[in-house]
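To start, the structure itself, in structure tokens.
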Amino acid sequence: MSKLPNVGTTIFSVMSALAAEHKAINLSQGFPDFDCSDELKAFVNEAMLQGHNQYAPMPGLLQLRSAIAEKVEQLYQQQVDPETEITITPGGTYAIFTAIATYIRPGDEVIIFEPAYDSYIPNVLVNGGKPVLIPLSFPDYRINWEEVRSKITPNTRMIMVNTPHNPTGSILQENDIAELEKLVAEFDLLVLSDEVYEHLVYDGALHHSILRYPNIFRNSFVTFSFGKVFHNTGWKMGYCIAPKHLMQEYRKVHQYLCFSVNTPMQYGLAKFLETPSHYLELPSFYQQKRDYFLELMRDTRFTPLASKGSYFQLMKYDRISDEGDKEFATRITREFGVAAIPVSAFYENGKDDHVVRFCFAKKQETLEAAAARLAKI
Ligand code: GLN
């Protein structure tokens, strides 16, 4: 028997295929419908033309790691050593898998908050671990830390957090960090912090990166994505940051999973990161999209839940229908030509609060066309 006999096809493939089949506007899978920077593409092109077309060093190109270390120091006041504490990965999802594969052994328990990005649970299972699922409280999706404490056992090895959170758009707050810090110290837990939407935080809120908190960071893997922030999800480029003693072990696994990552893109990204405005402008760039989408959706019968970060907006549809969310998402794709993700797909037991997720990383005209169709429902 395979290791994941009960796992089906990821909802992102399912909904994007359905959108294509019905020529629907695809607000389901999270990716922009606008292109990445021409300047960045030119940097990659240049690197190729200059002959940087062979294997990069196993942990990644040092120029790129150094540029990341500089950014991290500027933004999060944390000094990380590019030689030993940063590894470039083929995307954020891979960065997460590798951290789990490095430390999770059969029987180890991993705390995962639900709704959860759909790779987390299979990643733990495939490594023989036991996912311990804790619901985020609906509808604001805050963490109940008393409940977390009650779920810790001698087998608890790791706790996974995700801020800004996919799919809910919630973000960790200062009190969450304080609670996490206490638990990490008391139970010596590993932390895996998925921060792929680090720059997509709204209304002036602070991104509480785990990198800001040395007492947590010393036990943590923190994962990032270039695709999510520089609008090129198809490049599959990301990275992981961890203290030296953890990263040393991580690289032992990474070197035998993919060995190293696309060389010219690493050159290109290193050069692109030299200009801080390329990431400093992202919060306002995406906040404009979120605000515009919310304004457009006022003409529909959907009810928005708060989105404080990420490029996702949850919407309740209880004023429209009492169908289950999968049925509803499928029907609106077929009949109204707009695809969304049913949030029950992010729950192991399929918990259904009648909420769907829309991705607003889209051109203005795409958001307008989608909202006009959704207004007819
Ligand atoms: N992270 C993206 C999302 O949540 C999709 C990633 C994927 O398709 N695997 O939509």
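Everything quoted here is computed from the prediction, not taken from an experiment. Order of appearance sets the numbers: ligands from 1, and atoms from 1 within every ligand. Counting begins at 1 with the first residue of the sequence. When reading the values below, keep in mind they use all heavy atoms of this one structure, side chains included, and skip hydrogens, waters and symmetry mates.
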*asked:* Give the atom numbers and elements of ligand 1 that come within less than 4.0 Å of a heavy atom of Tyr117.
replied: 1 (N), 4 (O), 6 (C), 7 (C), 9 (N)

*Look at the rings of Phe224 and Tyr239 and say which category their plane angle falls in: under 30° parallel, 30 to 60° tilted, over 60° perpendicular.*
parallel

_Just to be sure I'm reading this right: ignoring hydrogens, which of Thr93, Asp118, Ile11, Asn166 gets closest to atom 4 (O) of ligand 1? Compare them by their nearest heavy atoms._
Asn166

*asked:* Does the plane of the ring in Tyr286 sit parallel, tilted or perpendicular to the ring in Phe34? Use 30° and 60° as the thresholds.
replied: tilted

*Of the side chain and backbone of Phe31, name the one, both, or neither that has a heavy atom under 4.0 Å from an atom of ligand 1.*
neither

*Answer yes if the ring centres of Tyr317 and His354 are under 6.0 angstrom apart, and no otherwise.*
yes

*Decide whether a cation-pi geometry holds between Lys376 and Phe336; the criteria are a distance under 6.0 Å from NZ or CZ to the six-membered ring centre and an angle within 45° of the ring axis.*
no

*Quick one: which of Phe312, Phe12, Phe346 gives a ring-ring contact (aromatic ring centres under 6.0 Å, His included) with Tyr117?*
Phe12

*Would you kindly specify which portion of Arg357 sits under 4.0 Å from ligand 1, judged on non-hydrogen atoms: side chain, backbone, both or neither?*
side chain

*Taking only heavy atoms of Tyr197, which atoms of ligand 1 are found under 4.0 Å from at least one of them?*
1 (N)

*Can you tell me if Thr102 uses its side chain to pair, donor with acceptor, with the backbone of Thr98 under 3.5 Å?*
yes

*Backbone or side chain, does any N or O of Phe12 fall under 3.5 Å from an N or O of ligand 1?*
no

_Qualifying residue for ring-ring contact (aromatic ring centres under 6.0 Å, His included) with Tyr250, from Tyr256, Phe221, Phe97, Tyr94_ = Phe221

*Between Gln29 and ligand 1, does any nitrogen or oxygen pair lie at a separation below 3.5 Å?*
yes

*Can you tell which part of Ile341 has a heavy atom less than 4.0 Å from ligand 1: side chain, backbone, both or neither?*
neither

*Could you tell me whether ligand 1 has any atom less than 4.0 Å away from a heavy atom of Thr10?*
no

*What protein heavy atom sits nearest atom 1 (N) of ligand 1, and how far away is it?*
Lys228 NZ, 3.0 Å

